[in-house]
Amino acid sequence: MTSLSSDVLLESRGLTVRFGGLFALNELNIDVRNGEVLGLIGPNGSGKTTFLNVISGVYSASAGKILLGDIDITREKAHNISSCGLSRTFQRSRLCLSLSVFDNIALGAQRTLNNGLWHNIVQRKSFAAEAQKIADEARELLHVFNPALPDKLFDPAISLGMIDRRRVEICRALIGKPKLVLLDEPSAGMTHDETDQVVDEILGIRKSLGGLTIIIVEHEMGLIERVTDRCVVLNYGKKICEGKFRDVAADPVVREAYLGQA
Amino acid sequence: AFAKDKVKIAFVGPLTGAISPHGIGGRNSAELAVKLMNAEPNTKYEYELVVLDDECKPNVGVQVVTKIASDRSIIAAIPHYCSATAIATVDIFNRFKMPMVVWAAVLPEITYAKKYPEVHRVSGILIGQNRIGAQFMKARGYKKFVSFADSTDYGKSMNKYFTQFTLENGNEILGSFSVPPDQQDLSAELTKIKELNPEVIYFGGLTPLGARLRTQMAKFGINAQLEGNSGIMGDAFVNAAGPELAEGTLTFFDSPPLSKMPGGKMFADAYKAAGYSEPPEAYGPFAYVATRLVMETIEKVGPDRAKVTADLGDVKDRPSIVGPVTFDDHGQNITPLTTSYVVQDGKWVVWEESEYVSGKRKLKNLP
Amino acid sequence: MSGHLTVENIFTAYDRADVLSGISIDVQPGKITCILGSNGAGKSTLIRSILRLTPPRAGSIAFEGKTLDQMATHEIVGLGIACIPEGRRIFAKMTVEENLRVGAYLVNAEKTVKARLGKVYEVFPRLKERAKQLAGTMSGGEQAMVSIGRGMMTDPKLLIIDEPSLGLSPLFVQENFNIVRRLNETGVTVLLVEQNVNQTLAIAHYGYVLSQGKIIVQGDSEMLAKNEEVQSAYFGGAH
Amino acid sequence: MGMIGQHLLNGLMQGTIYGLVAMGFTIFFGVMNVIKFSHGDVLTLGAFGGLVAVWAANALGLSVPLQFIVALCVAMALTAVVGAGISHFLIMPLRNAPPLNMLLMTMMVGTAIREAIRLFFPNGTNPQRFPELLPAGGFNIGPSFFRTDAIILIIAGAASIGAVYWIINHSKFGLAMRAVAEDTETARVMGINFGRIIPLTFALGSITAGFAGMIYALYYSEINYSMGLLLAVIGFTAAIVGGLGNIWGAIIGGYLFAGLQTFVVAAMPSMSDYKNVFAFVLIIVLITWRPTGLLAERGSERV
Amino acid sequence: MTPTSRTLVRVPVWPLFVAVAFAAVALTALVLIENQKLLGAALAITAAVCFCAARFGGVAAMEVAASENPWLLRGLITVASLAVIFVLRDDNFGLLMLATVLIYATICLGLTVQMGYAGLTNFAAAAFAGTGGYTAAMLGRQGGLPDALVLVCGGLVAVFIGSLLILPVLRTRGHYGALTTMAFGVMFNVFLDANDFFGGPQGLKLPGINLFGWDFTNDIHIFGLVLSSYVNYVILTGILTALAMIFVGLLDRSWVGVWFDVVRLDETAASVFGLKIAYWKVLAFTIGNFLAGLMGAVYAKMTGFIAPANFTFGDSLVMVSIVILGGIGNRWGVLPAALIVVLLPEKLQFIQEYRLIFYAVLVIAILTMRPDGLVARRVRKLHTETSA
Ligand SMILES: Nc1ncnc2c1ncn2[C@@H]1O[C@H](COP(=O)(O)OP(=O)(O)OP(=O)(O)O)[C@@H](O)[C@H]1O
Ligand SMILES: Nc1ncnc2c1ncn2[C@@H]1O[C@H](COP(=O)(O)OP(=O)(O)OP(=O)(O)O)[C@@H](O)[C@H]1O
Ligand SMILES: [Mg+2]
Ligand SMILES: [Mg+2]
C-alpha cells in the first residue's frame, strides 16, 4: 500500500476553482503517477489550463486540496511550489522578450543557482564558472531542438520565430531538472511534421533526464496518442473520462463533447 | 575719452517661478542703476551687471552664489529676494570674502544670526512692519484677529511677530491658519474663519495667495478687514483681486512711496524712460539703492573685495532714494521708515493722505 | 461575384532581408484560395503586406481592379476586406460583446449589428454565455472563437483568415472549416492560411505553396493534394 | 459644527473640480495608456484662453451670458487643438519607447506651456482676475451660504462627467478609442482610422481639462499660470486612488481627496499645516489596502 | 557539445582612448565655457561627434573594446578624471557643479536599480536623499560621530524610512506604485515644512565634511599647487560614483540582474520559476534608497545647508527625468543625462527668465529624436565575462 501511494507524485482532491459564478474546476480528483506522461484533454474552456495554473500556484484553489508527494501545496506560493521541483510552459508564450535566450533559460535553473549577493558581486570567478555551466547546459538542450539555436543563445528572445520561442520555453522548463513538468499546448501553431519533431524531442529529453513526470495539455490528438501513457478528459471543470488514449478516444461521451465525428 | 576699466557686480533674485515679478522688477532696477552710473561722465569704472536666477530655492542659491563668489572678477553682489535662500548663502559670501548688500529679503536671521562683515542689507526686517501694524490696528480699536499665513519661512516668521505684537497689545487671536503658498482652494479655512467671525484677517504671505484670499473671502461673504505686509505690496495684488475687492486693504511696508522718497521721482521717471515692460514692484527701489551703494563704494575704494567690505561697514546716513542708509554693526540698515498704506480706488495710498483718515471712507468692522 | 484580389510580384522585408521575394497570387472571386507553407515561410507576412500593415517595398496589389498601393490599412478594410489575424489579437480589456462590436465597426445600422451578433452567438454558444466576460480572461480556445466571431461581424467581399483554428478543440476545428465553407457559399471570397493541410485542401478551390518567401507550387486543390513534390516541399522547410 | 452644510458644499465643489481633472487622467492612461503630466497645464491654458475670450467679447460689447458662452467655447476649442497637437507631434513619435519616457515628455510639455503662459501672457506671472460671468448671490440654509454659481458649476461638472462616461463606454467612438489604445494594429485591421482616433481622444481628454479650467476660473474668479500644477498632482492622485480602469473611480477619488482636506481643516484647524500630511498618509493606507484602486480594475490578464 | 568559441582576434583598443579623451575634453569645455556662442558651438560639436560615432560604428567599436578590457577602461577613466580635476582646480563653481552632477548621477544609479532593473517606480528619490541629508544635519548637531559614519547613517536611515513604505510598494505596481512614492515624497516635504524640530521651512545649516581628520572646507596645497576646497568633494563624489557604477554594473551582469529583469517583465513567470518577488523588490528598493540617502548626506554637507525646498516632488521628478533621458536601465546613460539636466539650466543663466522654457523645449527635442533616451539599454550578454 505504501509503495503504491509513493507511486503517486501529484494528487488533487475535490479541487475547485471559481471565477465569480463560473466553476472552472469543479471537485476535480486527479492522480498523477511518478514517471508517467499524462495527457489532459477536453473542449475549449473545460479547465485544463486552469488546472495547470492552480497546481503551479498561479491561481489559488477555491476549495479542495493538492498534494505534491506528501506535501500539501494547496496554499503554497508559486515560488515555493517551484522549489519542490515543478516547472511549466504557458499556453501563451511568456518569455521575457527583451532579454536574451540565455537569461530566459537561466530563469528555469534559478532554484539551483547561488543567488547570494556576495557570490554574485564579489566572487566573480565562481559566479563566472556557474554561468558557464548553465550556458553549456542550455546550449546542449537547445541543440536537441534545433542545431541552429545554440548560436542564438545571446540574441534577444524577440528575434526568434514563434516555434523557436516555444522551444526555448520548453528548454526553460527542463533545464532546472524538475520532477514534474507541465506543458500547455506545446504544439500550437506547428505543422504536423513540426509537431512530430517536438514530440520526439520531448520524449528524447525525458529519456535522458530519466523519471521525469509530464502533464501535457493538447488539442493535437496525434501527439497525445504518441506520447501519453494515460489521458484525463475534462469537460466543464469535471473529469468525464480517464484511461489509455485509445480507450478514451472510443468513449462516446468524449467523442460527442470533444472529438467530433472524425 | 579713454576706456574705463570694467568692473563686474552681480545681481541675484528669482527670475523664474511664482514670485519672479519681484525678481524681475529688482533686476530691472539694478540694471537701471548700472546704466545711470555708466552714463555719468566722472566715474572711474564701467560697470557690468551679471544677473543670476536663484529660483528662490536655497540649493540653487548656493550654486549661483558659489559661482559669482569664486569668480574673482566679480567684486560684489546684490542678492536675494527670498529669505531662506539668503540664509543659506551668507556663509558662502563670508567664506569667499565677497561683499554683498541684500536688496529685499526680510527675515532677521540673515543679518543677525551671525556677524559677517560681508553681509549687509538695505531692506528692513519684518519685525518693524509687524510692530507698526499691531500698533496701528490697536489705535483703530480692533480687538479680534485671525492670522492667515503661508507655510514658508516668510509666512511663519510673519505669523510669529504678528502674534507676538498683537498679544502684547492685549488683543485676541481667534485662530491661526497656515496653508502652502500654492494652495488654490481656501474654502475649508474660510468656512472656519467665517465661523470664528473675526474683525480683522491678518495675512502673512505673498501676492498670489493674498489675492486668492481676498477673492475667496468675498465669495464666502466674509466681511473682515484685511491687513497685510510687504508681501502683497504692489500693483499685482490690486490687479488680481480687482479694485473693488482690494479697496481698503491695509499694508505696512518699510519705505515711503516713491513720490515721497528723496529721489523717488527721478527713479520712477528713469525707470519709465528705460522702457521696462514689468513694473519695479515694491522692492525695486531697494535693488536700485543697493546697486548704487555698491558702485559708489567701488568708486571710492576701487574694485577690491576687502576694501569694499570694509567701507560698506562704515555706511552712515548715506543719502539714497529711499532715504538715508545706515548700517548697524550687523550690516542691517536701521533707517527704513515703516509706512502704512491702504488701497484706495485701485491704488496704494499712504494712510495719512487717504480719504480714510478724513473719515470719508471707512475701514471694515470699525468698532 | 466580387472580391477579386491580385498580388503582383511583391517584395517585403521587416528589417533588411526580404521575407517575401517576388510573390504573385490571384484570389479568384467567390473561391476559397489557400496559402500553405511551413513555419516562417512568410504566409503571415503576405497577409500583412496585403493589408499594408507591413507595406511591401516593391510590387503592387489590387482589389477589384483598384490599386491598394497608396492606401492606409483602414481604407483597405473599408473596401470590403475583413481579416481574422494571426494570433487572435483579441482586445483583452473589452468584453466579448464589445470585441464583436469592434469587428462591426464599419457597419452603421444597429439592427444589422444585432442580427450578426445573433448569428455569431448561434455558431459559438459559448460566446453568448460569456458575452459580458472580459475577453482577456477567456481560455485560449474561447479567445479563438472571439477572434473568428469578430471576423464574421462584417459582410466582407473578401475574408482573409490566418490560422484561425490554433488552440481550438478538434470539434471546433471541424466547425471552423464548416463556417468558412458556409461563408464562401454565401458568396464571400476567402483567402485562407492554415497549418491543417488536409482539411484545408478539402475545402479550398485553389492553393499556393510558399517556401522561404517564394511560391514554389500552385494549382487547384486536388492537384496539390496529390502532388508528392508539393507535400515534401511543404514539409521540408521546417528548419 | 454648525457649518457642516457649508463644508459639504465646499467639498462637493472642490471634489467636482478634482474629479474632472482626475477623469482627464483616466482617459489618458486608463484608456490610452499614457501618463500625461501636462494635463494640469493644459487646464491652465484653457482658463487663460477663456480669459482672453472674455476680454475680447467684452470689448465687442457682448452681453454677459454671451461672454460666458464664448469663453467656454474658446477654452474648449483651444485645449482640444492643443491636445490633438501634442498627441500628434510629441506623443506619437514615442509610442514604441518605454512608457516612462512619455512621462518625461509630457512633463516637459507641461513646463513649456506653463512657462510660455508666464512669459508671453501680459503680466503672466501675476495672478489674473477672472470676471464673474455667472449670477452672483445665493441663499442661506441655517448658517451655511449656498452660492448660486457653485450650484450651477457642480451640476455642469456632474453633467459633463456623465457625458464623457457615455462617450467612452457607450458610443462607437469610445469603442474605437479603447480598441486603438489596446492594440493599434488590430484596430486598424477592423477598419478604425487610428490616425484620427488618437488625436480625437487626446482632444476629448484635453477638452475636459479646458472645461475644468473654466469651472475653476468661474468659481474662484482668479487664475494664475501655475494653478494646474497642484491640480494635476491631486487629479493624478484621485484618479489612481479611485482606480484607473473606470471613470467612476476618478470621481470617487476626487471627492475623497476633497473630503479629506476639508475634514482635516474643519475638525482640527490648528493642524491645518499638516492637512496634506494627513491626506497623503491616508492615500498611502488606502492604496495599500486596495492596490489597484478603490474601484479595482477588473483583471483582464490571465495566464 | 559546442564549446564556447573564444575570440583570439585582439580588438583594437584605440577607440577607448579616443572616447575617454573626448569625453574628458567635452566635459571640461562644458564646465568652463561661459560665453554663450562658444557654449553653443561646443554643444553642437559634442552632439555631432556623438552622432557620427554612433553612425559610423565608433560607439560599437568602443563598446567592444571596453567590454574586452574593463581594467583599461577603469584606468583611463581615472586618469581622465584626474586631468579634468587638474584643469578645473581653482574653478570653485565648476567643481561644485561637477560634484553636484556626480551626486545626482549616483542617486540616479540607485533609481536605475529600482526603476530600470526591478521596475519599481520611485517618485520620491529626492525625499530619500533628503532623509539622508537631514540625518547628517541632525547627527551633526549631536556631534561626536565621525563623518564617514554620518554619511553611511544617511544611507541607512533612508533605507529605514523606505522600509516603512515596503508594504505599499510591494502591493502596488505601475502607476499605482508611482502614486505611493509620490504621496510619500509630497508628504515628506509638507511634514518638514510644518515641523519646527527639523528646522521648518528655513532649514538647517551643517558643517562641511571632515573625513578622518581631513577637513573638506580647506583648500588643498600639493606640489606647490593650490586646489580649490571643492576638489575634495569632487574626488569624494567621484569615488562614490565609480564604486556605485561598478557595483550596479556587476549587479546587472549577475544572476541578481537577470532576476530583477524578470521580476520587472513578468511577475508570473518569475514566481512560477521560484523567484520570491517580494525579496527581490525589497532588495532593489533598499539598494536604491541607500544610494539616495548616502548621496543626500554628502550633498547636504557640501552645500552646508539643507531645507525642505531642496527635496521637493519636483526634484524627484528631475531625478526620474535623468534616468529616462539617459535611457532607462542603462547605467552609462545617467552620466550624460545628469550633466544635461543639472548643468544645462545653470549654463543657461544668461537667458535669465527664459531658461526654463528653453530647457523644456530642448529636452522635448532630444526625446523626439531619441525616443529611447540618450543611450538605450543593450541586451545583456553574460558570456562576455564567462569566456574571458
Ligand atoms: N481569470 C479568469 N477570470 C474569469 N474566467 C476565467 C479566468 N480564467 C479562466 N476562466 C474561465 O474558466 C474556464 C476554463 O478556462 P481554461 O483556460 O482552464 O480552459 P482550457 O481548458 O485551458 O481551454 P482551452 O483549451 O481553450 O485553452 C474558461 O471558461 C474561462 O473563460
Ligand atoms: N516583426 C518581425 N520582425 C522581423 N522579422 C519578422 C517579423 N515577423 C516575422 N518575421 C520573420 O519573417 C519570416 C516570415 O514570417 P511569417 O510570420 O510571415 O511566417 P508564417 O509563414 O506566417 O509562419 P507561421 O506558420 O509561424 O505563422 C520569419 O522568418 C520571421 O522570423
Ligand atoms: Mg488552455
Ligand atoms: Mg503566420
Visitor: Given D:Leu104, which of E:Ile328, E:Leu325, E:Leu317 fulfils the side-chain contact (heavy atoms from CB on, under 4.5 Å) condition?
Guide: E:Leu325
Visitor: Do E:Leu367 and D:Met108 come close enough that some side-chain heavy atom pair is under 4.5 Å?
Guide: no
Visitor: Of the non-hydrogen atoms in E:Ala360 and D:Ala112, which two are nearest, and what is the gap between them?
Guide: CB-N, 4.0 Å
Visitor: Given a strict heavy-atom distance threshold of 4.5 Å, which part of D:Met107 is in contact with chain E: side chain, backbone, both, or neither?
Guide: side chain
Visitor: Pick whichever of D:Leu100, D:Val109, D:Val241, D:Val233 has the most heavy-atom pairs under 4.5 Å with chain E.
Guide: D:Leu100
Visitor: Of all of D:Leu229, D:Leu119, D:Ile283, D:Val281, which one pairs up most often with chain E through heavy atoms under 4.5 Å apart?
Guide: D:Leu119
Visitor: Around E:Phe198, counting heavy atoms of other residues, nucleotides and ligands shown, do more than 12 lie under 6.0 Å from its CZ?
Guide: yes
Visitor: Which pair of heavy atoms, one from D:Pro93 and one from E:Pro371, lies closest together, and at what distance?
Guide: O-CG, 4.0 Å
Visitor: Report yes if the side chains of D:Leu103 and E:Phe123 come closer than 4.5 Å at any heavy-atom pair, otherwise no.
Guide: yes
Visitor: Ring-plane angle category for D:Phe37 and E:Phe313, please: parallel below 30°, perpendicular beyond 60°, tilted otherwise.
Guide: tilted
Visitor: List in chain and number order the residues that pass ring pair (Phe, Tyr, Trp, His ring centres under 6.0 Å) with D:Tyr165, two or more places apart in sequence or in another chain; answer none if no residue qualifies.
Guide: D:Trp248
Visitor: Once rounded to the nearest 0.5 Å, what's the spacing between atom CE of E:Met182 and atom CD1 of D:Ile287?
Guide: 10.5 Å
Visitor: Can you pull out all donor-acceptor pairs below 3.5 Å that join chain D and chain E?
Guide:
unit_1: D:Asn101; atom_1: ND2; unit_2: E:Pro371; atom_2: O; d: 2.5
unit_1: D:Arg118; atom_1: NH2; unit_2: E:Glu353; atom_2: O; d: 3.2
unit_1: D:Leu244; atom_1: N; unit_2: E:Tyr176; atom_2: OH; d: 2.9
unit_1: D:Thr288; atom_1: O; unit_2: E:Arg171; atom_2: NE; d: 2.4
unit_1: D:Thr288; atom_1: O; unit_2: E:Arg171; atom_2: NH2; d: 3.1
unit_1: D:Trp289; atom_1: O; unit_2: E:Arg171; atom_2: NH2; d: 3.1
unit_1: D:Glu297; atom_1: OE1; unit_2: E:Tyr176; atom_2: OH; d: 3.1

Visitor: Taking ring pair (Phe, Tyr, Trp, His ring centres under 6.0 Å) as the definition, give me every residue that meets it alongside E:Phe188, ordered by chain and number, with sequence neighbours left out.
Guide: none
Visitor: Please identify each residue that fulfils side-chain contact (heavy atoms from CB on, under 4.5 Å) with D:Val52, with sequence neighbours left out.
Guide: D:Phe121
Visitor: Measure the shortest side-chain to side-chain distance between D:Phe120 and E:Ile357 over non-hydrogen atoms and say whether it is less than 4.5 angstrom.
Guide: yes
